[in-house]
Amino acid sequence: MRTFAHALVPVLVVLAGCQEHSPTKRDVTRPAVKESANFVDITEQTELHFDYQNGREAGLYAILESLGGGCAVLDYDRDNQLDVFAPGGGGFVDQMLIVGRDSFLCRGRPGLRFEPVAEVARCATSKHYSHGCAVADSDNDGFADILMTGYGGLQFYHNLGDGTFEEVAAESQLVDSQWSSSAGWGDLNGDGLPDLYVCHYANWSFDNNPVCAGSGPDRRDVCPPREFEALNDTLYENNGDGTFSNSSQAAGLVPGGKGLGVVLADFDHDFDTDIYVANDTTPNFLYQNDGTGKLTEIGVASGTALDERGAPTGSMGTAVGDFDSDGLTDLWVTNFEMETFGLYRNRGQCQFQHISRDSGVNAIGSKFVGFGTATEDFDVDGDLDIAVSNGHVICYPNDGNAEQLPVYLENQGKGIFRKIDPGKDGQYFYRKHVGRGLATGDFDKDGKIDLVFTHLNSAGCILHNETVTTGRSMRVELIGTRSNRDGLGARILLETSAGSQIRHLAGGGSYLSQSESAVTFGVAAGIECKKVTVIWPKSGLEQSIPIAESDCIITFKESDGVRNSVHE
């Protein structure tokens with residue numbers, strides 16, 4: 001087990017002052033007590049518009065229609081305003097031709113406003129039926145690139161740095177005709193370049209579209225995934241010259257899976273990037289990295305492949321976080337109905353325990369079909385909460401409605417959760433949706449994390465976090481030099497008078513979606529912040545700075561020429 005020395009090398013680029021969180025004008029008469037999270041749907045007033053269509057009107061009842069689409073929160077033009085990218089889906093012509101639908105890029109403007117710019121930015125046209133998106137600075141040039149998955153092939157939008165993109169999947173050798181779902185970026189071999197993991201789903205085609213019985217007017221419905229063979233996932237190694245090589249076999253990927261979600265993070269805290277894959281009806285994968293990019297699949301051995309009964313689940317969304325504040329990286333997975341969502345507590349050395357029952361997660365019941373998910377300190381009290389987007393995959397489920405309520409789980413401390421409805425009557429968490437993607441970002445830089453949801457065959461939504469809190473937030477942004485520029489794979493620690501919090505800058509996560517590439521800590525009232533430490537991937541370089549009372553945004557640049565001693 002590798003450890004790192006404690007020679008601390010502070011490198012600080014930006015320290016920004018901020019005001020304490022305080023109630024808005026309409027809240028000043030409320031008592032100064034902690035309130036539960038409150039999210040307000042601001043989609044209409046922000047002029048944010050994107051939607052996902054799956055071609056259901058053709059009447060094919062194809063499993064292709066069930067996956068839906070995700071979204072990404074990014075700052076593509078580096079104007080310090082967060083933007084939203086969303087695949088548009090696709091449809092069918094004459095029931096035998098698959099066509100792609102235009103994607104959306106909504107540029108953030110001051111005052112929480114958005115403008116459509118996909119056409120101008122040259123990332124609108126989709127050659128394929130699209131599903132997911134994964135964002136990273138693939139060439140370390142300072143600008144975020146977008147990988148889009150789907151049926152028929154990948155699409156790779158290289159950011160030219162002038163507000164436009166160039167689609168270069170073929171030129172980059174990202175030639176992949178299999179049906180792809182989620183994808184995630186992470187530096188697996190430690191060369192400072194982000195590599196790409198692509199999940200593949202099932203072998204559906206027009207020639208393999210069986211008729212399955214259903215309760216709708218046509219007496220048929222979408223077939224379950226067990227009717228189809230699994231496709232193998234693919235790992236693309238970044239060559240550093242704008243091209244990628246398929247390294248799946250050399251790295252040690254195993255066959256099969258029916259992958260729907262993926263997250264890349266350092267699960268065993270040995271400074272390299274591991275991979276967790278959420279598979280549909282087959283055991284989930286956990287790939288442990290030996291530090292050189294060689295992967296060993298240990299899902300069953302680690303306790304993360306199956307549920308508490310030892311059975312595989314219909315897994316979709318993934319997220320990582322230290323839910324019980326013990327300093328170890330836990331794992332969260334959303335699953336199909338009649339299954340429990342999976343919370344796996346990290347016991348160290350890549351050994352996990354399924355604790356959904358003990359943590360209170362099971363109290364939400366088993367009727368939900370969970371997809372996109374996010375783990376953030378939404379109520380700014382020092383621990384990680386959970387949001388989930390839900391919606392059925394078939395057109396006519398037994399209860400007659402494919403729409404489902406989203407779920408919000410509030411952390412009561414030490415990883416014990418309770419379900420609450422964050423918002424007022426009639427707001428988003430009180431309404432049912434056919435939910436799919438979910439991504440997060442602090443759109444107005446107020447220190448509270450906002451939410452973006454996607455839905456099947458309807459418009460997406462942005463929810464503004466208007467939680468009343470007396471705590472403070474600490475935002476950490478990374479600039480890698482020897483590591484990849486985004487700092488993917490890094491661990492960030494915030495030391496306070498109440499103990500330490502840990503966050504991971506993970507690749508992938510959620511479902512078909514990508515959240516903002518920054519880390520935000522919440523600190524409850526009365527707690528003193530002492531210092532922030534970044535542990536960079538591969539090198540184990542540890543950099544720290546003390547925190548002043550007025551600091552709320554810190555940007556770290558990886559130190560040049562200084563390396564901590566790393567030993568076995």
Participant: Rounded to the nearest 0.5 Å, how far apart are CG of Leu384 and CZ of Phe417?
Facilitator: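 Leu384 CG to Phe417 CZ: 7.5 Å, rounded to 0.5 Å.
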Participant: Is there a donor-acceptor pair under 3.5 Å between the side chain of Thr454 and the backbone N or O of Gly69?
Facilitator: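 Yes: the side chain of Thr454 pairs with the backbone of Gly69.
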Participant: If we ignore hydrogens and angles and just use 3.5 Å, is the side chain of Asn232 paired with the main-chain N or O of Gly256 as donor and acceptor?
Facilitator: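 Yes, the answer is positive, given that a donor and an acceptor are paired below the 3.5 Å cut-off.
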Participant: Salt bridge between Arg418 and Glu410, side-chain N to carboxylate O under 4.0 Å?
Facilitator: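 Yes, this pair counts.
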Participant: Quick one: does NZ or CZ of Arg122 land under 6.0 Å from the six-membered ring centre of Tyr76, within 45 degrees of the ring axis?
Facilitator: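 Not satisfied by the 6.0 Å and 45° rule.
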Participant: If you measure from the Lys or Arg side-chain nitrogens to the Asp or Glu carboxylate oxygens, is any gap between Glu167 and Lys127 under 4.0 Å?
Facilitator: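 Yes, Glu167 and Lys127 are salt-bridged.
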Participant: Testing Trp179, Phe228, Tyr151 for side chain to side chain contact (heavy atoms under 4.5 Å, CB included) with Ser205, which one passes?
Facilitator: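 Answer to the side chain to side chain contact (heavy atoms under 4.5 Å, CB included) test with Ser205 among Trp179, Phe228, Tyr151: Tyr151.
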Participant: From His392 NE2 over to Phe371 CZ, what is the distance, rounded to the nearest 0.5 angstrom?
Facilitator: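 It is 9.0 Å, given to the nearest 0.5 Å.
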Participant: Would you kindly check if the NZ (Lys) or CZ (Arg) of Arg436 is within the cone defined by 45 degrees around the ring axis of Tyr511 and under 6.0 Å from the six-membered ring centre?
Facilitator: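 Pair Arg436/Tyr511 does not count as cation-pi.
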Participant: Will you find, in the side chains of Ser126 and Gln155, an N or O donor that is under 3.5 Å from an N or O acceptor?
Facilitator: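 Distance-only check passes for Ser126 and Gln155.
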Participant: CD/Glu229 to NZ/Lys258 distance, rounded to the nearest 0.5 angstrom?
Facilitator: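 One finds 8.5 Å between CD of Glu229 and NZ of Lys258.
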Participant: Measure the distance from the SG of Cys212 to the SG of Cys223 and say whether it is below 2.5 Å.
Facilitator: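 Judged by the SG atoms alone, which are under 2.5 Å apart, Cys223 and Cys212 are bridged.
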Participant: Under 4.0 Å between a side-chain nitrogen and a carboxylate oxygen: does that hold for Arg431 and Asp41?
Facilitator: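 Looking at Asp41 together with Arg431, the answer is yes, because their closest N to O distance falls below 4.0 Å.
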Participant: With a 6.0 Å cut-off (strictly less than), is the heavy-atom count around CD of Glu44, excluding the residue itself, greater than 12?
Facilitator: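 Counting neighbours around CD of Glu44, 12 or fewer heavy atoms of other residues, nucleotides or ligands fall under 6.0 Å, so no.
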Participant: In terms of side-chain geometry, is the basic nitrogen of Arg220 or Asp218 positioned less than 4.0 Å from the acidic oxygen of its partner?
Facilitator: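 Salt bridge flag = no for Asp218 with Arg220.
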Participant: Using a strict threshold of under 4.0 Å (side-chain N to carboxylate O), is an ion pair present between Asp421 and Lys419?
Facilitator: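 Salt bridge flag = yes for Asp421 with Lys419.
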Participant: Would one find more than 12 heavy atoms of other residues, nucleotides or ligands at under 6.0 Å from atom CG of Asp162?
Facilitator: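 Counting other residues, nucleotides and ligands, CG of Asp162 exceeds 12 neighbours.
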Participant: Charged N to carboxylate O below 4.0 Å: is that the case for Arg101 and Asp51?
Facilitator: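 Looking at Arg101 and Asp51, the cut-off is met.
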